[in-house]
Amino acid sequence: MIELRRHNASFCGPCFVHYTEQQVRKAIDEFEMFTPEERILVAVSGGKDSLGLWDLLLGLGYQVDGLYLGLGIGEYSDASGTYARAFAASRGARLVEVDLPADYGYDIPTGAVAARRAPCSACGLSKRHLFNRAALDGGYDVVATGHNLDDEAAVLFGNVLRWNTDYLGRQLPVLPAEAGFVRKVKPLVRLDEREMAAYCVIRGIDYIVEECPMADGNRHLGYKEALNLVEAGSPGSKHAFYFEFLARASSRFRAPGGHEVPLRECSRCGSPTTGEVCAFCALVDRASASEPVALGATRRPRR
Ligand code: AMP
Ligand code: FES
Ligand code: ZN
């Protein structure tokens, strides 16, 4: 039996799978994420959320392929890729692969040092760009990621703590397509980490359990711990925090009229950017010209 305190309910295995599918269906419908006619590219890291999402979307009958990015983060990346490939093979599903070191000449540890960015920032920038590129090149309508309720509540918590009003205006489960950018969706926003882990266990999905080794000092882990404490005392708080934000507050932070600075095409890759060269191409330039950096050298201390 799986007990869900925030729903005041317990489920056996098959009913839990049904519950999980209903939550994903509800998120897709409520936020008009995509239709069965559209082609979806789900970004898979080899972890429970993204592999679980791929499995759920296949089960619900959507046209969905996977995308795996090899980030060059030592053994962690090797293992992540192995899980993603094994899942694709087990379902006879198509996995698109992009490899940062082989295709772009750098890995995340080197990119972070070369660009003087925190590893997660160089990684996030690379992922956003390459998800979009792969979707455009493959003719997909939408990119789906495995961000779950814990992820979204933690990011919201961080943005509220600092009153990052720009980010608050853009923290949505669906980002519509704009010139040069495909639509991005997060169909797992109604499910938390524990639920996704349980789903994978019941469905027999093998996934990488280790966290990224570069995320040691990542503030979001601390925010998740803090929110888990609140949730333990008051089940349903996390859901209310995120969904009441969407319903009642998020529109207040949205800038009327979209981009204030006009966008033009990056002179290298054609992506929309405010400057001559986009941030991704600038990162590639710096990173591919610099000496490779060992994994441990870029780790940030725990706060
Ligand atoms: P993270 O930023 O690591 O929390 O990951 C958030 C989401 O980004 C995951 O649920 C995946 O959908 C996607 N993702 C993360 N790492 C990769 C990767 N190496 N390749 C493809 N998608 C990824
Ligand atoms: Fe991007 Fe860890 S997955 S820095
Ligand atoms: Zn570019």
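Read the numbers this way: they start at 1 and go in the same order the structure lists the ligands and their atoms.
The nearest heavy-atom contact from the protein to atom 16 (N) of ligand 1 is S45 CB, 3.3 Å. Here the protein heavy atom with the shortest distance to atom 6 (C) of ligand 1 is H147 NE2, 3.4 Å. The protein heavy atom nearest to atom 21 (C) of ligand 1 is V44 O, 3.1 Å. Remark: minimum distance from atom 20 (N) of ligand 1 to any protein heavy atom is reached at L69 N, 2.9 Å. Taking atom 1 (P) of ligand 1 as the reference point, the nearest protein heavy-atom neighbour is K127 NZ, 3.9 Å. Protein heavy atom closest to atom 11 (C) of ligand 1, with residue, atom name and distance, is A43 O, 3.2 Å.
Shown in contact with L67 at under 4.0 Å from a heavy atom are these atoms of ligand 1, numbered in order with element: 21 (C). Heavy-atom contacts of F131 reach the following atoms of ligand 1: 13 (C), 14 (N), 21 (C), 22 (N), 23 (C) (cutoff under 4.0 Å). Close approach to L71 involves these atoms of ligand 1, each under 4.0 Å from a residue heavy atom: 19 (N). Within ligand 2, the atoms closer than 4.0 Å to a non-hydrogen atom of K127 are 1 (Fe), 3 (S), numbered from 1 in the order shown. Against a heavy-atom cut-off of under 4.0 Å, T145 is close to the following atoms of ligand 1: 12 (O). Near C123, meaning under 4.0 Å from one of its heavy atoms, ligand 2 places the atoms 1 (Fe), 3 (S), 4 (S).
Proximity of L283 to S126: side-chain heavy atoms (C-beta onward) are separated by under 4.5 Å at one or more points. Between K26 and R190, some side-chain heavy-atom pair lies under the 4.5 Å cut-off.
Heavy-atom contacts from other residues, nucleotides or ligands closer than 6.0 Å to CD of E30 number more than 12. Other residues, nucleotides and ligands place no more than 12 heavy atoms under 6.0 Å from the NE2 atom of H18. At most 12 heavy atoms of other shown residues, nucleotides or ligands fall within 6.0 angstrom of atom CD in E265. Heavy atoms from other residues, nucleotides or ligands lying under 6.0 Å from CG of N8 number 12 at most. Within a 6.0 Å sphere centred on CD of E211, heavy atoms belonging to other residues, nucleotides or ligands number 12 at most. No more than 12 heavy atoms of other residues, nucleotides or ligands lie within 6.0 Å of OH in Y167, so this atom counts as exposed by the packing criterion.
Considering backbone and side-chain N/O of A144, none are found under 3.5 Å from N/O of ligand 1.
Taking the Zn ion (ligand 3) as the corner point, the angle from C266 atom SG to C269 atom SG is about 110° (rounded to 10 degrees).
When the heavy atoms of G66, G146, A154 are ranked by distance to atom 10 (O) of ligand 1, first place goes to G146.
For C212, the nearest N, O or S atom to atom 2 (Fe) of ligand 2 falls under 2.8 Å. At least one N, O or S atom of C278 sits under 2.8 Å from the Zn ion (ligand 3).
A centroid separation of less than 6.0 Å is found between the aromatic rings of Y62 and F34. Taking the six-membered ring where the residue is Trp, the centroids of Y83 and Y207 are separated by 6.0 Å or more.
A donor-acceptor pair under 3.5 Å links the side-chain atoms of N132 to the main chain of V182, judged by distance alone.
Contact between D151 and ligand 1 is absent, with no heavy atom of the residue lying under 4.0 Å from the ligand.
Counting only heavy atoms, the protein gets under 4.0 Å from atom 3 (O) of ligand 1.
At a 4.0 Å heavy-atom cut-off, ligand 1 does not touch V42 at all.
Using a cut-off of 4.0 Å between Lys/Arg side-chain N and Asp/Glu carboxylate O, K238 and E193 are scored as not salt-bridged.
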